[in-house]
Amino acid sequence: QVQLVESGGGLAQTGGSLRLSCAASGSIFDIDDMRWYCQVPGKQRDLVAAVTRFGVVNYADSVKGRFVISREDTKHAVYLQMNSMKPEDAAVYYCNARIAVIDGEHEDGPALRWDVYWGQGTQVTVCS
């Protein structure tokens, strides 16, 4: 069973910083893209930032130049450094990852099952 657990949310002041962490655990064989999403009540969940297994990053326009996504594959972890925070950054932040587990054996090696997993979310509040 694979789980993603976020931490690091809380209260920040406008202009301040927070660092979110997300660690995957379980019988993980491989991890592909890792992402952070945010969601406010009544709205859809939006992509904030993504990082590929090769370290290629992508950001929503609203956070470019302020947020930095990174990953640490030895720990199955992804991070989001949030700087110069604004009140509109307030949301529940979810990490997301495409993860492979071993699901049997083929003649030439293990059979893999890829699924997308979500964390439970961590609340970020920004006060002015």
Side-chain angles (χ1 to χ4, degrees):
Q1 188 75 11
V2 173
Q3 286 189 319
L4 298 182
V5 178
E6 299 106 336
S7 61
L11 179 64
Q13 290 190 328
T14 298
S17 298
L18 279 178
R19 178 177 167 88
L20 305 184
S21 300
C22 173
S25 62
S27 302
I28 297 168
F29 184 86
D30 195 9
I31 301 179
D32 199 357
D33 292 0
M34 304 184 82
R35 300 181 175 94
W36 286 97
Y37 286 77
C38 70
Q39 188 172 28
V40 297
K43 294 194 174 181
Q44 68 181 19
R45 196 170 291 185
D46 291 326
L47 179 65
V48 176
V51 57
T52 72
R53 63 169 67 236
F54 305 112
V56 178
V57 298
N58 186 40
Y59 297 97
D61 288 342
S62 60
V63 306
K64 281 180 181 176
R66 300 189 299 119
F67 291 9
V68 178
I69 188 171
S70 60
R71 60 190 286 169
E72 191 170 1
D73 289 336
T74 57
K75 295 184 178 180
H76 296 158
V78 62
Y79 309 99
L80 187 67
Q81 178 66 43
M82 310 167 71
N83 301 318
S84 302
M85 295 185 70
K86 304 176 180 180
E88 53 263 41
D89 295 326
V92 178
Y93 283 74
Y94 298 88
C95 68
N96 164 292
R98 187 169 177 265
I99 295 174
V101 299
I102 294 177
D103 188 28
E105 288 289 330
H106 285 315
E107 289 181 352
D108 52 355
L112 302 181
R113 184 181 76 244
W114 288 91
D115 286 302
V116 174
Y117 295 86
W118 291 90
Q120 81 286 356
T122 185
Q123 178 71 52
V124 170
T125 303
V126 183
C127 63
S128 55

Quiz prompt | Gap between atom NE2 of His76 and atom CE of Met34 - 0.5 Å precision | solution = 8.5 Å
Self-check item: Flag, side chain of Ser84 to backbone of Gly15, donor-acceptor distance under 3.5 Å
Solution: no
Quiz item: Looking at Ser128 and Thr14, what are the two nearest heavy atoms and their distance?
Solution: CA-OG1, 3.3 Å
Quiz prompt | Cluster link Leu20 to Val51, ILVMFWY, side chain under 4.5 Å | solution = yes
Exercise. Supply the atom-to-atom distance Tyr117 OH to Ser25 OG, rounded to the nearest 0.5 angstrom.
Key: 11.0 Å
Quiz item: Would you find a donor on one side and an acceptor on the other, under 3.5 Å apart, between the side chain of Glu6 and the backbone of Cys95?
Solution: yes
Quiz item: Counting heavy atoms not belonging to Gln3, are there more than 12 under 6.0 Å from its CD?
Solution: no
Quiz item: Hey, are the side chains of Ile31 and Arg71 touching, using non-hydrogen atoms and a 4.5 Å cut-off?
Solution: yes
Quiz prompt | Identified side-chain contact (heavy atoms from CB on, under 4.5 Å) partner of Ile99 from the options Asp30, Val116, Asp33, Leu4 | solution = Leu4
Practice problem: Output the distance between atom CG (Leu18) and atom CD (Gln13), rounded to the nearest 0.5 Å. | Solution: 11.0 Å
Practice problem: Take atom CD of Gln1 as the centre, draw a 6.0 Å sphere, and report whether it contains more than 12 heavy atoms from other residues, nucleotides or ligands. | Solution: no
Practice problem: For Tyr59 and Ile69, indicate whether the former's side chain and the latter's backbone hold a donor-acceptor pair under 3.5 Å. | Solution: yes
Practice problem: Determine whether Val63 and Tyr37 fall in the same hydrophobic cluster, where Ile, Leu, Val, Met, Phe, Trp and Tyr are linked whenever their side-chain heavy atoms lie under 4.5 Å apart. | Solution: no
Quiz item: Do Leu112 and Ile102 come within less than 4.5 Å of each other through their side chains, counting heavy atoms only?
Solution: yes
Exercise. Please report the closest heavy-atom contact between Met82 and Met85, naming both atoms and the distance.
Key: CE-CE, 3.6 Å
Practice problem: Say whether Val68 and Val48 are linked into one hydrophobic cluster, either directly or through other cluster members, by side-chain heavy-atom distances under 4.5 angstrom. | Solution: yes
Exercise. Report the C-alpha distance between Asp89 and Lys86 in whole Å, list the side-chain angles of each, state the deciding distance to 0.1 Å, and finish with yes or no for salt bridge (Lys or Arg N to Asp or Glu O under 4.0 Å).
Key: CA-CA 5 Å; Asp89 295 326; Lys86 304 176 180 180; over 6 Å; no
Quiz item: Is there side-chain contact between Cys22 and Trp36, with heavy atoms separated by less than 4.5 Å?
Solution: yes
Quiz item: Out of curiosity, Tyr79 OH to Arg19 CZ, how far, rounded to the nearest 0.5 Å?
Solution: 6.0 Å
Quiz item: Among all residues two or more places apart in sequence or in another chain, which pass the side-chain hydrogen bond (donor to acceptor under 3.5 Å, both in side chains) test with Asn83?
Solution: Ser17, Gln81
Practice problem: Determine whether Phe29 and Val101 make a side-chain contact, defined as any pair of heavy atoms from C-beta on separated by less than 4.5 Å. | Solution: no
Quiz item: Same cluster or not: are Val92 and Val124 linked, directly or through other Ile, Leu, Val, Met, Phe, Trp or Tyr residues, by side-chain heavy atoms under 4.5 angstrom apart?
Solution: no
Quiz item: Would a distance-only check, ignoring hydrogens and angles, find a side-chain to backbone donor-acceptor pair under 3.5 Å from Arg35 to Tyr94?
Solution: no
Quiz item: Val57 and Val78: same hydrophobic cluster, using ILVMFWY side-chain contacts below 4.5 Å?
Solution: yes
